[in-house]
Amino acid sequence: MSPNPATDLKSHLAGLFTTALEVVAPEATDTPVVLERPKSAAHGDYACNVAMQLARRLKRNPRELAQRVIEQLPNSPWVERAEIAGAGFINLFLRPEARREVIRSVLAAGDAFGRIGVGGGRKVQVEFVSANPTGPLHVGHGRGAAYGASLANVLEAAGFQVAREYYVNDAGRQMDILSVSAWIRYLELCGEAVPFPPNGYQGDYVRTRATELRAIDGERFRRDAAAVLERLPEAADGDEDAIEIRMDALIARAKALLGEDFDHLTRFVLERQVEEIRDVLSRFGVHFDLWYSERSLYESGRVAQVLEVLDQAGHLYTQDGARWFRSTAFGDDKDRVVQRENGLFTYFASDIAYHHDKFQRGFDQVIDVWGADHHGYIARVKAAITASGTDADRLIVPLIQLVALFQGGEVVKMGKRSGSYVTLEDLMDDVGVDATRYFYLARKCDQHLDFDLDLAKSQSNENPVYYIQYAHARVSSVLEEWDGDRIDLATTDLAPLDAPAELVLMQRLASYPDAIEIAARDYAPHIVAFYLKDLAAEFHSYYNGTRFLVDDEAVKRARLALVLAVQQVLRNGLALLGVTAPDRM
RNA sequence: GCGCCCGUAGCUCAACUGGAUAGAGCACCGGCCUUCUAAGCCGGGGGUCGGGGGUUCGAGUCCCUCCGGGCGCACCA
């Protein structure tokens, strides 16, 4: 059996139209035959608009052409009838036995139903979350996590070979600031009075790191407060520039006083931070194949190497003491600095190296899931990819719009350094993993998201995710009550299924692979969420109007086969979303 | 000022790469539990798809313009 009978059926039907076109419009046989699933079941199983497309080219009446096409359609064992509708649509109605086939397909394929081949085994990388390890994940990161994880699942189901990756920004100044922040908290624990810098990381997790550091390494990193503070530049409250200068001095002082131990401290803090992020994401059902270190790009010399290559190709130049990449030659608004006047590489430089490395690893397509606030960055990264000889269209960047958190009707302000924000962990604990993931996914990623905490917490029972899960649990309950052997249902006679509600459900089941295909094509996992809601709605309606465990054995078994198939598809879809499919609720 | 995203029912959102009468949930009104889970079902009201122009047989969807909201425009990451 083919992994996707629905696709085979579709191409079979398209073939009928192609044949008809050769007779009706031999001069326009190249007109693409597009079959789509009508929104309304009254419009049949498939609709074709080829007559309307032809009408434009041939300047003829579309309904008349549609009639001619229908007359020339070869007979098919699957098609009951074709009819003209609206401006010139040709609607195909499948024979009931053709519709029932989907139940066999679902039950035979099981968890694999909905796995299709459009990806063709191409290698695609999905890099997502990639939040700085300088603090816990917040609700914005949660959205990227839910989106990226489900997108990866969807692509996998669509037949791509998917690698999930987290880029760890473990290099640069913000990492130094984290180290210094932890160090000062540590010094406090040791009894050294060093005032905490206002632009240090204020969160409690920094104190936790300090406590851990002291528990493991004792007073190894202790230095006199006087030595730490000696001749440090002053910074008045509110003088932002002076505060940053003082921080730089503090970083330099820490490195001078600690020597190699500074690096040791940094690695310790980093490791624990990443570990916490990994744990939270794991609890959220989000896993990665690779945690890629930015620092490693420097240590392996890749950054310098890539820049050398760009330089050789004439894409770099020096101005005002800095090294610039001529990104304007590749469509960017302005050229970008890759190496600063002080000799340090910019974040962009390591990102060039990182993307170069991604494509060198053999990915046909690379997907970077970014927050919408990074959109201005796309042009320069694409420019760098083009400059190094790779087709930049192979990089896809879905932008996740920001999440605004509401509580008590007020926007909750969040700041990383101030430590005042609601973490993803808080959200998961309050709302639950299933509801949180569904809530994030139940809208397009480029839609702003107002996350109402009060609503999510107090009315979590009204979340649509329970509606879908409930449908799944109801089937479990029915099957438990029946207490028969499910294996037998896969081969039972389906002929008794002919009620409208049953035909509608079968139609819906048959369109599941289409939903996967569209979701993968558009990088839109929310398509799956909406599909499941529709399927659940049709199931609940069926459930309320029809009793399954009836005396007539043949009818009972046919109905059970149908609802078992519904349950299977619900489970498959929920798995893509990272939501559990409970047997009881 | 320039760029990207968004604007659809009172609220939160869909609308399958231009299709048929723009659909759900929440909220509101009225019904349905002695029968497989009522976290459910059935029915009802509710819309200038931000405004205007254009392309098309056909526009919520594409183009132009204006209005409104968000986010960017560093030798930060």
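A, B, ... follow the sequence lines: proteins, then strands. Residue 1 opens every chain.
C36(B) atom P lies 18 Å from atom CE of Met585(A), rounded to whole Å. For the pair Phe548(A) CZ and U37(B) P, the interatomic distance rounds to 11 Å; values are reported in whole Å. Atoms CG (Asp332(A)) and P (C4(B)) sit 13 Å apart, rounded to a whole Å. Atoms OH (Tyr531(A)) and P (A24(B)) sit 17 Å apart, rounded to a whole Å. In this structure, CZ of Phe539(A) is placed 13 Å from P of C36(B), rounded to the nearest angstrom. Atoms CD (Glu538(A)) and P (G40(B)) sit 16 Å apart, rounded to a whole Å. Rounded to an integer number of Å, the gap from CZ of Phe451(A) to P of G70(B) is 21 Å. One interatomic measurement links the two molecules: CG of Asn544(A) to C1' of G31(B), which rounds to 13 Å at whole-angstrom precision.
Here the nucleotide nearest the side chain of Tyr377(A), chosen from A77(B), G3(B), A39(B), is A77(B). When the nucleotides C75(B), G40(B), C36(B) are ranked by their closest atom to the side chain of Trp324(A), C75(B) comes out on top. Of the listed nucleotides (U37(B), A20(B), G72(B)), G72(B) has the atom at the smallest distance from the side chain of Asp373(A). Here C36(B) is the nucleotide among G40(B), C36(B), A77(B) with the atom lying nearest to any side-chain atom of Val478(A). Distance from the side chain of Gln401(A) is smallest for C5(B) among the nucleotides C5(B), C71(B), C36(B). In this structure, the nucleotide among A74(B), U37(B), U35(B) sitting nearest to the side chain of Lys334(A) is A74(B). Candidate nucleotides A77(B), A20(B), C4(B) were compared by shortest atom distance to the side chain of Gln174(A), and A77(B) ranks first. Listed candidates were G40(B), U37(B), A77(B). Nearest to the side chain of Tyr467(A) is G40(B).
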Table please: side-chain donor-acceptor pairs of residues 373-382 of chain A below 3.5 Å, with sequence neighbours left out.
from      : atom 1 : to        : atom 2 : distance (Å)
Lys382(A) : NZ     : Ala392(A) : O      : 3.4
Lys382(A) : NZ     : Leu395(A) : O      : 3.0

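Ionic pairing of Glu36(A) and Lys10(A) is not present here: no N-O contact between side-chain nitrogen and carboxylate oxygen is shorter than 4.0 angstrom. Between Glu244(A) and Arg173(A) a salt bridge is recorded (basic side-chain N to carboxylate O distance below 4.0 Å). Salt bridge absent: Asp552(A) and Lys556(A) never bring a charged side-chain N and a carboxylate O closer than 4.0 Å. Taking 4.0 Å as the cut-off between side-chain N and carboxylate O, Arg557(A) and Glu553(A) count as a salt-bridged pair.
For G23(B) and G43(B), the P atoms lie 14 Å apart once the distance is rounded to whole Å. For the C1' atoms, the distance from C63(B) to A27(B) is 39 Å, rounded to whole Å. Nucleotides A59(B) and G19(B) place their P atoms 11 Å apart, quoted to the nearest Å. Using atom C1' as the reference point in both C62(B) and U55(B), the two lie 8 Å apart (nearest Å). One P atom belongs to G51(B), the other to G68(B), and the distance between them is 15 Å to the nearest Å. Taking atom C1' on both A39(B) and C4(B), the two are 41 Å apart, rounded to the nearest angstrom. Using atom P as the reference point in both G52(B) and C33(B), the two lie 49 Å apart (nearest Å). Rounded to whole Å, the P atom of G3(B) lies 11 Å from the corresponding atom of C66(B).
Asp320(A) comes within contact range of at least one nucleobase, with a heavy-atom separation under 4.0 Å. Counting any heavy atom pair closer than 4.0 Å across all strands shown, Phe348(A) reaches no nucleic acid atom. Residue contacts shown for Asp351(A) are absent, as no nucleic acid heavy atom lies under 4.0 Å away. Heavy atoms of Leu402(A) sit under 4.0 angstrom from primed sugar atoms or phosphate atoms, though from no base atom. Within the nucleic acid shown, Thr546(A) comes within 4.0 Å of at least one base atom, counting heavy atoms only. Counting any heavy atom pair closer than 4.0 Å across all strands shown, Arg336(A) reaches no nucleic acid atom. Residue-level contact check: Ser541(A) touches the backbone only, with heavy atoms under 4.0 Å from sugar-phosphate atoms and none from bases. As judged by a 4.0 angstrom heavy-atom cut-off over every strand, Ala55(A) is placed among residues making no nucleic acid contact.
For the pair Tyr347(A) and A77(B), the criterion of a side-chain N or O lying under 4.0 Å from OP1 or OP2 is not met. The phosphate of C57(B) has neither OP1 nor OP2 within less than 4.0 Å of any side-chain N or O from Arg63(A).
Outside the 6.0 Å centre-distance limit, the rings of Tyr166(A) and Tyr292(A) are not counted as a close aromatic pair. Note: Tyr467(A) and Tyr438(A) fail the aromatic proximity criterion, with ring centroids not under 6.0 Å apart. Between Tyr147(A) and His526(A), the ring center distance fails the sub-6.0 Å criterion.
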Q) Given the rule in the side-chain hydrogen bond (donor to acceptor under 3.5 Å, both in side chains) test, do Gln567(A) and Ser476(A) qualify, once you have shown the distances and angles that lead to the verdict? A) CA-CA 8 Å; Gln567(A) 186 191 44; Ser476(A) 291; 2.7 Å; yes
**Q.** Base versus backbone protein contacts along nucleotides 12-19 of chain B [heavy-atom cut-off under 4.0 Å; B, S, -]
**A.** SSSSBS-B
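Under the 30°/60° scheme for interplanar angles, the aromatic rings of His315(A) and Phe330(A) are found to stand perpendicular. Relative ring orientation between Tyr543(A) and Phe539(A) is described as tilted, the plane-to-plane angle lying within the 30° to 60° band.
Classification of C42(B) as anti follows from a glycosidic angle more than 90° from 0.
Checked by distance alone, Asn91(A) brings a side-chain donor or acceptor within 3.5 Å of a matching partner on the base of A20(B). For G72(B), the base has no donor-acceptor partner in the side chain of His374(A) [N/O atoms by modelled type, under 3.5 angstrom].
A38(B) has no base stacking with the ring of His540(A) when judged by centroids under 5.5 angstrom apart and an interplanar angle below 30°.
A cation-pi arrangement is present between Arg81(A) and Phe93(A) under the rule of less than 6.0 angstrom and at most 45 degrees off the ring axis.
Each of Asp335(A) and Ala372(A) was matched to the nucleotide of RNA chain B holding its nearest heavy atom; the match closer to the 5' end belongs to Ala372(A).
Side-chain N/O atoms of Arg37(A) and Tyr46(A) include a donor and acceptor closer than 3.5 Å.
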Q.
Expected output check: what is the dot-bracket annotation of RNA chain B, where ( ) and [ ] are pairs inside the strand (brackets for crossing ones), | is paired with another strand, and pairs are Watson-Crick or G-U under 3.5 Å?
A. (((((((..((((.....[...)))).(((((.......))))).....(((((..]....))))))))))))....
